[in-house]
Protein chains: 2
Amino acid sequence: MPSMDELESRAWRGLIRVIELLPPALDAQMQRDSNLTHFEFMVLSMLRFAPDSTLRMTALAQGTNASLARLSHVCSRLEGRGLVERFDCPADRRATNVRLTAAGNEWVIAAAPGHFATARALVIDHLTPEQLASLAEITEALGLRLDPENRTLPAVESGTPTE
Amino acid sequence: MPSMDELESRAWRGLIRVIELLPPALDAQMQRDSNLTHFEFMVLSMLRFAPDSTLRMTALAQGTNASLARLSHVCSRLEGRGLVERFDCPADRRATNVRLTAAGNEWVIAAAPGHFATARALVIDHLTPEQLASLAEITEALGLRLDPENRTLPAVESGTPTE
DNA sequence: GAAGAATACTTGTAGCGTCAAGTATAACAC
DNA sequence: GTGTTATACTTGACGCTACAAGTATTCTTC
């Protein structure tokens with residue numbers, strides 16, 4: 001029977017706990033201070049640093065670890081609020097581009113400091129440089145394994161090796 | 001302007017990635033194999049190891065890192081499926097107790113192996129013992145900070161003894 | 001160059017979680 | 001005892017995400 005030893009169990013329960021508590025905490029701050037979801041903030045942030053503040057839906061979905069359906073809904077809302085705009089991609093007419101509007105740009109810029117402060121207050125400031133290095137290593141390893149359908153990383157290789 | 005250095009940024013992005021991807025992955029396996037949410041599985045598991053398979057709602061909420069409202073909804077569904085039953089707590093009539101039914105017990109027991117296998121396949125098997133130790137340390141530190149209203153840790157001070 | 005397959009989305013529906021409000025009991029103050 | 005406050009939930013409405021199905025292009029193969 002597959003059970004866990006003490007160390008494995010501690011790590012697992014700790015991870016689950018963080019996973020249950022961190023997202024609501026991030027959303028709460030964002031909602032309160034900027035009327036945004038944490039995910040919406042990520043979307044706007046990615047656009048902000050993209051060339052011409054524009055990305056294709058697929059690229060944006062990959063960059064934010066989200067499904068296309070989820071992103072589509074979110075973009076509809078953001079578009080309704082005037083923070084982004086969508087237009088057909090001239091190069092590939094199946095695709096649609098999303099661009100940050102001027103209003104959207106101002107909105108992210110205003111939201112960013114609070115977000116970084118929260119990231120520090122909730123996570124970064126409580127870890128030593130060694131722990132930060134471990135966390136980066138660990139989460140990068142897990143990220144590779146967790147991406148089920150190659151949604152989130154540019155498909156550098158053809159396949160994910162399965163057990 | 002509070003920004004992040006390279007190491008902080010890697011750790012943060014990695015953590016966010018895991019947080020976005022792991023919960024859906026856990027839910028997907030549970031849903032497919034046992035028709036349960038990962039959270040529902042946690043609820044049933046906690047009850048399974050509680051004395052008399054019974055816990056008060058508050059204790060159960062703390063143990064699963066959830067709000068009382070969320071737990072209440074979930075228990076209603078589980079009760080509807082006959083996996084748990086609720087009854088008034090004789091010691092404190094404000095409180096309600098939740099008990100695992102026989103059917104519920106069988107259901108968790110059947111679901112557990114698949115869950116542990118998934119935990120291994122997605123997380124544990126990809127980490128060295130040192131990384132597991134780091135992860136336990138890190139997540140426990142973060143967990144302490146993340147608990148907003150002291151919901152999730154047993155209130156050691158005021159004491160919530162069962163019955 | 002036409003059929004079939006793959007890609008890139010969009011949309012509708014259903015389910016789960018959060019928030020706000022409500023009820024009932026207990027504990028405390030005086 | 002009585003009034004006030006705190007605790008322990010429950011419930012209803014709303015928002016967000018997943019899933020499934022649908023549409024419109026592009027690619028591939030022959």
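Computed from heavy atoms alone, side chains included, the values below leave out hydrogens, waters and symmetry copies. So you know, we letter chains A, B, ... as the sequences are listed, proteins then strands, and number each from 1.
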- State whether B:R93 places a side-chain N or O below 4.0 Å from either non-bridging phosphate oxygen (OP1 or OP2) of C:dA26. yes
- Query: Nucleotide by nucleotide, 5' to 3', does protein get under 4.0 Å of the base (B), only the sugar-phosphate (S), or neither (-) in nucleotides 2-15 of chain C, counting heavy atoms?
  - Reply: -----BSBBBB---
- Separation of D:dC16 atom P from A:N65 atom CG, nearest Å, is 19 Å
- Query: Is there side-chain contact between A:N97 and A:R86, with at least one heavy-atom pair below 4.5 Å?
  - Reply: no
- Query: Of B:A28 and A:A91, whose nearest nucleotide on DNA chain D comes first from the 5' end?
  - Reply: B:A28
- Whole-Å distance separating the CD atom of B:E40 from the P atom of C:dC16: 6 Å
- Task: Would you mind reading off the distance between A:R70 atom CZ and C:dC16 atom P, rounded to a whole angstrom?
- Result: 17 Å
- Note on the structure: Residue pairs meeting ring-ring contact (aromatic ring centres under 6.0 Å, His included), one or both in residues 44-90 of chain B, sequence neighbours left out, come to none
- Message: Side chains of A:L22 and A:V123, heavy atoms from C-beta outward: is any pair under 4.5 Å?
- Response: yes
- For B:L36 and C:dC16, give me the distance from atom CG to atom P, rounded to whole Å. 11 Å
- Message: In whole Å, I'd like the distance from the CG atom of B:L78 to the C1' atom of C:dC16.
- Response: 13 Å
- Query: B:H115 vs B:F41 aromatic rings, parallel, tilted or perpendicular, using cut-offs 30° and 60°?
  - Reply: tilted
- Would B:R120 and B:D125 pass as an ion pair if we require N to O under 4.0 Å? yes
- Query: Between B:M30 (CE) and C:dC16 (P), how many Å, whole number?
  - Reply: 15 Å
- Please give, in whole Å, the distance from C:dT18 P to A:Q31 CD? 13 Å
- Message: So, applying side chain to side chain contact (heavy atoms under 4.5 Å, CB included) with A:L55, which one of A:V43, A:V98, A:L47 is it?
- Response: A:L47
